[in-house]
Amino acid sequence: MAKMRKRTKFSLVGAIIAALAVAGAALAIGLGAVALLPQLIAFDIAIFAGGIAIAGGIAAGSFSLTGLFSRKKAQIKNADSVAEMAKVGMLDNENSNYHSVVKVRDNSFKAARNYIKSSYGLTKFNIAPVTSERQRAGINAEQLKYANKRYVYGLVGDFYTKEGKTRKARKIDKKRQNVERKLNNMEAPDVSAFAPKYHVASEYFNPVSSTWENDERSSVDFNNNQTAEAARKLFSDTVRERYSKSNKRRGATVITIRSRGNEEVKEVSASVNAEELVDKMEMLALLDYAMTAEKTGVNGFPISVETQDYKLDGRKKGKQSIVLIRNQAELKERLNMLKEASTEKDKPKEITYNR
């Protein structure tokens, strides 16, 4: 018994020592944990914040991609709708079957509605319709943005009115009036002395608004009526080319003829959304410039021919190409080269420059 009690005492003492050791360890761990508590909390907060940031980044990226896809979809719908409306007149003349003509016109109404809806969708991203002007003499970028919005709100308002949706029409009209007020409060500089005299753009008929509207992707700013009318005829004769499958979703290629020797010489420009017509547009622009130089006696040499491609939303696409023309001989050589590159069908033969 005595031995048993002795063993029990030793066991008890050992158990107490072990318990104290465990308690001490637990206390140390507890005190260490308390000491590390701020760091642990900070670490947890960092992880939590990182999670939020990642989630936010994913959400923002998702929203950005969704917005990008929405813009691209609206631009494609916009361009396709214009092509459908523009080709109706051409197809009407080609179709002798009355039912075919009716079907084409029905498609045109559908295209017009799609154009109006997609144009309104683009305004929410501050993007103009694909047919809108990208620049205009005497108007800055901010004014042009509001002018494009005014145009779209007018279209949408007319559409809602014809659909009998008066409440929506009034709501849109308020937006149009607000834009109108902003435009009226902006002063436009007087550029009449420098702006080209004639502006001509390709046209298509919008059956919803019952008006002829411009597709500014194919347009000119010229100083001579003869070249301006030649451009008008070219646009009328090339509907099929400009709204082909490969060109209907194409932005403008803009050719600008600019004097580098005399800032007072009016620059001219021409643009088109069909790659195969770029040489013809440059030729018309150079002819217009040359005719003005001949009339005024101021040639402005050297002159530069600046060619720039644009995307559907008006942003520059690729690098600008520049050809410098130093004298009359180089101008005539450039015109001859462009004439050779152009097809016989679309050459404006009635315009010549033999100086």
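Residue numbers run from 1 in the order of the sequence given.
- The ring pair (Phe, Tyr, Trp, His ring centres under 6.0 Å) analysis of residues 208-242, with sequence neighbours excluded, yields the pairs F205-W212.
- Looking at D173 and R170, no side-chain N of the basic residue comes within less than 4.0 Å of a carboxylate O on the acidic one, giving no salt bridge.
- Nearest heavy-atom pair, S269 versus T256, reported as atom, atom and distance to 0.1 Å: CB-OG1, 4.0 Å.
- Applying the ring pair (Phe, Tyr, Trp, His ring centres under 6.0 Å) rule to pairs touching residues 153-185 yields nothing, sequence neighbours excluded.
- Under the 6.0 Å distance and 45° angle rule, K149 does not count as a cation-pi partner of Y151.
- Using a 4.0 Å cut-off between charged nitrogen and carboxylate oxygen, K110 and E84 do not count as a salt-bridge pair.
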### Query
Should N223 and V268 be marked as a side chain to side chain contact (heavy atoms under 4.5 Å, CB included) after you check the CA-CA gap, both sets of side-chain angles, and the distance that decides it?
CA-CA 7 Å; N223 292 313; V268 298; 3.4 Å; yes
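- Closest of all the heavy-atom pairs between I172 and G157 is CG2-N, 3.7 Å.
- Both the sub-6.0 Å distance and the 45° axial angle are satisfied by R71 relative to the ring of F125.
- Closest approach of A230 and L284 over heavy atoms only: CB-CD2, 3.9 Å.
- Looking at residues two or more places apart in sequence or on another chain, you find a side chain to side chain contact (heavy atoms under 4.5 Å, CB included) between N214 and A201, E203, E216.
- Separation of atoms NZ (K77) and CG (L122) is listed at 11.0 Å; rounding is to 0.5 Å.
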